[in-house]
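Because only heavy atoms are used, hydrogens play no part in the values below, and waters and symmetry mates are left out as well, while side chains stay in.
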Amino acid sequence: QEQFVESGGGLVQPGGSLRLSCTASISISNIHNMGWYRQVPGKQRELVASTSTYDGPTYWDSVKGRFTISRDNARNTVWLQMNNLQPEDTAVYYCNRIPSGYWGQGTQVTVSA
């Protein structure tokens with residue numbers, strides 16, 4: 001069964017950085033579009049960054065210029081480098097294919113002074 005395991009979250013002060021990792025249980029070589037999503041309690045999960053085999057990375061306005069998505073197909077891993085984190089970035093972060101498949105547990109990111 002396809003699984004994505006996220007890690008790297010934590011508590012960070014505003015302006016700080018975190019690097020999230022996502023390891024897949026299957027080969028991602030043939031998954032053209034992979035993405036990082038986030039969810040705040042009471043709100044819908046939203047896609048914040050994606051990486052496409054054909055088109056490269058895409059970032060949503062809320063994270064553009066601060067987040068960087070990357071992938072290594074040989075390691076079945078996708079990363080999200082998050083810089084200049086702000087309190088509004090607080091959420092549970094998930095990685096998944098696009099369109100999404102099975103969801104993992106996610107990793108909590110909390111930005112607070």
Side-chain angles (χ1 to χ4, degrees):
Q1 181 177 328
E2 177 179 293
Q3 283 186 318
F4 300 104
V5 179
E6 302 90 350
S7 62
L11 173 63
V12 64
Q13 292 186 340
S17 298
L18 285 173
R19 188 188 195 213
L20 306 183
S21 298
C22 168
T23 301
S25 62
I26 48 89
S27 172
I28 65 170
S29 299
N30 294 323
I31 302 178
H32 297 305
N33 295 310
M34 288 291 300
W36 280 95
Y37 302 73
R38 68 186 182 189
Q39 187 170 27
V40 175
K43 292 190 176 181
Q44 281 194 330
R45 195 156 10 208
E46 62 174 357
L47 180 65
V48 297
S50 66
T51 175
S52 166
T53 300
Y54 301 118
D55 301 322
T58 300
Y59 302 97
W60 272 244
D61 286 346
S62 57
V63 305
K64 197 173 293 183
R66 301 186 297 122
F67 290 12
T68 303
I69 188 171
S70 58
R71 65 190 287 174
D72 184 337
N73 290 342
R75 297 167 67 179
N76 298 321
T77 302
V78 183
W79 294 275
L80 185 68
Q81 177 67 43
M82 307 186 295
N83 297 329
N84 191 21
L85 283 160
Q86 300 301 315
E88 53 266 33
D89 296 316
T90 295
V92 179
Y93 284 73
Y94 304 84
C95 77
N96 210 319
R97 61 169 67 230
I98 301 169
S100 60
Y102 293 103
W103 291 102
Q105 296 291 323
T107 186
Q108 174 72 47
V109 171
T110 303
V111 185
S112 175

| Selection residues 66-78 - residue pairs positive for salt bridge (Lys or Arg N to Asp or Glu O under 4.0 Å), sequence neighbours left out | R66-D89
| task | May I ask whether I98 and Y59 are part of the same hydrophobic cluster, defined by side-chain heavy atoms of I, L, V, M, F, W, Y residues being less than 4.5 angstrom apart, directly or through others? | result | no
| said: Within the 4.5 Å heavy-atom criterion, are Q105 and V5 side-chain neighbours or not? | reply: no
| query | Any side-chain donor-acceptor pair under 3.5 Å between N33 and S50? | reply | no
| Taking the side chain from N76 and the backbone from A24, do they hold a donor-acceptor pair closer than 3.5 Å? | no
| Is there a donor-acceptor contact under 3.5 Å from the side chain of N96 to the main chain of M34? | no
| message | For a quick test of reading the model, state the closest non-hydrogen atom pair linking V40 to A91 and the distance between them. | response | CG2-CB, 3.9 Å
| query | Do Q86 side-chain atoms and N84 backbone N/O form a donor-acceptor pair below 3.5 Å? | reply | yes
| said: For a quick check under 3.5 Å, do S112 and T110 share a side-chain donor-acceptor pair by atom type? | reply: no
| query | Are side-chain heavy atoms of W36 and L20 found at a separation under 4.5 Å? | reply | yes
| For atom CD of E88, is the number of surrounding heavy atoms from other residues, nucleotides or ligands below 6.0 Å larger than 12? | yes
| Do the side chains of I26 and I31 get nearer than 4.5 Å, heavy atoms only? | yes
| message | Once salt bridge (Lys or Arg N to Asp or Glu O under 4.0 Å) is applied, what residue pairs with a partner in residues 1-27 remain, sequence neighbours excluded? | response | E2-R97
| request: Work out which heavy atom in T77 is nearest to a heavy atom in T23; give both atom names and the distance. | output: OG1-OG1, 3.8 Å
| request: Would you please name every residue forming a ring pair (Phe, Tyr, Trp, His ring centres under 6.0 Å) with W60, sequence neighbours left out? | output: none
| request: State, to 0.1 Å, how close I69 and P57 come at their nearest heavy-atom pair, and which atoms those are. | output: CG2-CB, 3.7 Å
| Backbone of S7 reached by a side-chain donor or acceptor of S21 within 3.5 Å | no
| request: Can you see which heavy atom on S17 is nearest to which on N83, and at what distance? | output: OG-OD1, 3.0 Å
| query | For the residue pair Y54 and H32, does the interplanar ring angle fall in the parallel (under 30°), tilted (30 to 60°) or perpendicular (over 60°) class? | reply | tilted
| Verify same cluster id: L47, V109 (apolar side-chain graph, 4.5 Å) | no
| field | Gap between atom OG1 of T51 and atom CD1 of I28 - 0.5 Å precision | value | 8.5 Å
| Check: W103 ring centre within less than 6.0 Å of Y37 ring centre | yes
| field | Y94 six-ring face occupied by R38 cation (under 6.0 Å, within 45°) | value | no
| task | Verify the cluster assignment for L85 and V63: are they in a single hydrophobic cluster under the rule of side-chain heavy atoms below 4.5 Å apart? | result | yes
| message | Between V92 and M82, is there shared hydrophobic-cluster membership here, with clusters defined by ILVMFWY side-chain heavy atoms closer than 4.5 Å? | response | no
| message | What's the separation between atom CG in L18 and atom CD in Q81, rounded to the nearest 0.5 Å? | response | 8.5 Å
| request: Taking the side chain as every heavy atom from C-beta outward, state whether F4 and V78 have any atom pair closer than 4.5 Å. | output: no
